[in-house]
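The structure displayed is predicted, hence computed values, not measured ones. Indexing begins at 1, ligand by ligand and atom by atom, following the structure's order.
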Amino acid sequence: MSPSPDVFEKLVSLCKRRGFIFQSSEIYGGAASVWDYGPLGVELKRNVQDRWWRDMVRLRDDIEGLDSAILMHPKVWEASGHVSGFVDPLVECKNCKRRFRADDPALKGAPGTPQAQCPSCGMKGTIGEARQFNLMFKTFMGPVEDTAAIVYLRPETAQGTYVNFLNVQQATRQRVPFGIAQIGKAFRNEITPGNFIFRTREFEQMEMQFFVEPGSDMEWFEKWRAWRMEWHEGLGLSTDRLRYYDQKKEELAHYARAATDIHFDFGGSLGFAEIEGVHNRGDFDLTQHQTFSGKKLEYVDQANNKRYIPYIVETACGPNRTLLALLVNGYQEEKVEGEEEGRTVIKLQPALAPIKAGVFPLVKKDGMPEFATKLADDLRKRFPVFYDESGAIGRRYRRQDEVGTPFCVTIDGQTLQDSTVTIRDRDTLKQDRVAADKVAGWISQRIDGVNS
Ligand code: GAP
């Protein structure tokens, strides 16, 4: 089921050409592994984030939303273990100055020995000993650049949630078990970013921290592990491209008692790779913040006359990777019956597609453009629409297929007689004739239907 390796390459080119994703600062030669989301990319990413927010926050009465700041008190990152422990082993080639992770499979021979060979310039014996490299970006708060003013760009949203645990619990009067969800930027100075938007230095996270009574943590961990897999399947990601990866004891992060990653098969050289992590973090984080801040972070269970530091089950998903998975999953090159030219199509659920409908006058005369423009303006009040009157109708369909638009509405000769239009379905290519004043409802029903 894996797509051929060149699908990834084709997608990078399509994403640029059609306005999904651009390289950051491209006119200056680009900023390495940083990407900008264009008009279609921002819609698709927002649709993924809206789906997550709806399912995690709006549809549940036991999860609250939060939007905490990126910059936090520097002690947060000492307490969380990131200052001392959020490190990767780094090696440098003395010849070409390129840097690699010490565990990079492309590196031959042990670092620091004459056998060590640089994967970039090919020289032997030039790779130095490994040293620990902290992945957090450092900057200064205020006008003074000294150690007292150091702050970090957060490498995860989770810590902003932990330090607000009691604020949210007391403001909402939630009782354990309950969760706090947030979506926001995170930054990691990755040594080897790459694979397009898969591993970048600036990215987004959709993280939810679920606070539970100690002892019930593994039960909740199992529930969230299953629910999160169902969520990815619900986006339309093919089930045979999704799998669990249970981390072994020696792979667990410093805070984790148990961890399962959800992997998606991106095909090509990337293959199965993590799109989400589900972690049982125990009481590590709240205990650390209680110790470092000197403020009690206990939950008081009045009904049962108990007080304790809750355990945390975390679900940590990256919308950038989810978006990439959706594009890889939906990308198809198809033959079209009766046509010489095939088509490229991205099959996205209507609710996720950046544009919901293309609106086309069949020809640029006889009042068709006027009718189509008015209809497009009406539809725009409900969902994103693209009006197109240039080129042959077949080409206009192809342009929308290529960006995943589920419906194309055509105004033709019959429209002028009976005010009906055709609606062509991206996947079945079937055309339905619908009264123009029913088009908004017809499409809305399919966007918000059972699959959304
Ligand atoms: N709070 C826990 C945490 O941050 P993680 O497994 O390091 O856990 C969670 O990250 C998710 O964030 C990953 O599954 C991935 O989707 C996304 N992510 C992490 N690093 C990333 C990077 N460098 N580029 C893009 N997404 C990243």
Handout entry: Proximity to ligand 1 by part of Phe264, non-hydrogen separation under 4.0 Å
Key = neither

Practice task
Could you tell me the residue and atom name of the protein heavy atom closest to atom 8 (O) of ligand 1, and the distance to it rounded to 0.1 Å?
Solution key: His279 CE1, 3.5 Å

Practice task
Taking the side chain as every heavy atom from C-beta outward, state whether Trp77 and Pro155 have any pair of such atoms under 4.5 Å apart.
Solution key: yes

Problem - Asp67 CG: over 12 foreign heavy atoms closer than 6.0 Å - result: no

Practice task
Give the residue, atom name and distance (to 0.1 Å) of the protein heavy atom nearest atom 11 (C) of ligand 1.
Solution key: Ala316 O, 3.6 Å

Practice task
May I ask you to check whether Ile275 has an N/O atom sitting below 3.5 Å from an N/O atom of ligand 1?
Solution key: yes

Problem - Region of Arg199 engaging ligand 1 - heavy atom pairs below 4.0 Å - result: both

Practice task
Step through the shown structure and confirm whether more than 12 heavy atoms of other residues, nucleotides or ligands are within 6.0 Å of CZ on Arg173.
Solution key: no

Handout entry: For Phe198, atoms of ligand 1 separated by under 4.0 Å from a heavy atom
Key = 24 (N), 25 (C), 26 (N)

Practice task
Please step through side chain to side chain donor-acceptor pair (under 3.5 Å) for the pair Glu314 and Gln209, ending with a clear verdict.
Solution key: CA-CA 5 Å; Glu314 170 188 57; Gln209 316 299 324; 3.1 Å; yes

Problem - Between Tyr245 and Glu251, a side-chain donor and acceptor under 3.5 Å - result: yes

Practice task
Give the residue and atom name of whichever protein heavy atom lies nearest to atom 15 (C) of ligand 1, and the separation in Å to one decimal.
Solution key: Arg321 NH1, 3.5 Å

Exercise for the section: Check whether the side chains of Gln159 and His289 place a donor and an acceptor atom closer than 3.5 Å, and report yes or no. Expected result: yes

Practice task
Would you mind checking which non-hydrogen protein atom is closest to atom 10 (O) of ligand 1, with the distance to 0.1 Å?
Solution key: Gln205 NE2, 3.4 Å

Handout entry: Ile191: which of Asp104, Leu90, Val91 passes side chain to side chain contact (heavy atoms under 4.5 Å, CB included)
Key = Leu90

Problem - Nearest neighbour in protein (non-hydrogen) for atom 18 (N) of ligand 1 - result: Phe203 CE1, 3.5 Å

Exercise for the section: Answer side chain, backbone, both or neither: which part of Arg281 comes under 4.0 Å from ligand 1, heavy atoms only. Expected result: side chain

Problem - Nitrogen or oxygen of Glu204 less than 3.5 angstrom from that of ligand 1 - result: no

Practice task
Report, as yes or no, whether the 6.0 Å neighbourhood of atom NZ on Lys185 holds more than 12 heavy atoms from other residues, nucleotides or ligands.
Solution key: yes

Problem - Glu314 N/O under 3.5 Å from ligand 1 N/O - result: yes

Problem - Under 3.5 Å side-chain donor-acceptor pair for Asp283 and Tyr308 - result: no

Handout entry: Pick from His263, Glu156, Arg188, Gln209: the one approaching atom 7 (O) of ligand 1 most closely through a non-hydrogen atom
Key = Arg188

Exercise for the section: Consider every N or O of Glu207 and every N or O of ligand 1, then say whether any pair is closer than 3.5 Å. Expected result: yes

Handout entry: Enumerated ligand 1 atoms positioned under 4.0 Å from heavy atoms of Glu276
Key = 14 (O)

Fill in the blank from the handout: Looking only at heavy atoms, the pair that brings His254 and Phe284 closest together is CD2-CZ, 3.7 Å

Problem - Min N/O separation Gly318 to ligand 1 under 3.5 Å - result: yes

Practice task
Could you find the nearest protein heavy atom to atom 24 (N) of ligand 1 and give me its residue, atom name and distance?
Solution key: Thr200 N, 3.0 Å

Practice task
Within a distance under 4.0 Å of any heavy atom of Tyr255, pick out the atoms of ligand 1 and give their elements.
Solution key: 2 (C)

Fill in the blank from the handout: All heavy atoms of Leu348 vs all of Ala353, minimum pair found to be CD1-CA, 4.0 Å

Practice task
Of all the heavy-atom pairs spanning Pro177 and Val212, show the shortest one and how long it is.
Solution key: CB-CG1, 4.2 Å

Handout entry: Minimum-distance protein heavy atom relative to atom 13 (C) of ligand 1
Key = Glu274 OE2, 3.3 Å

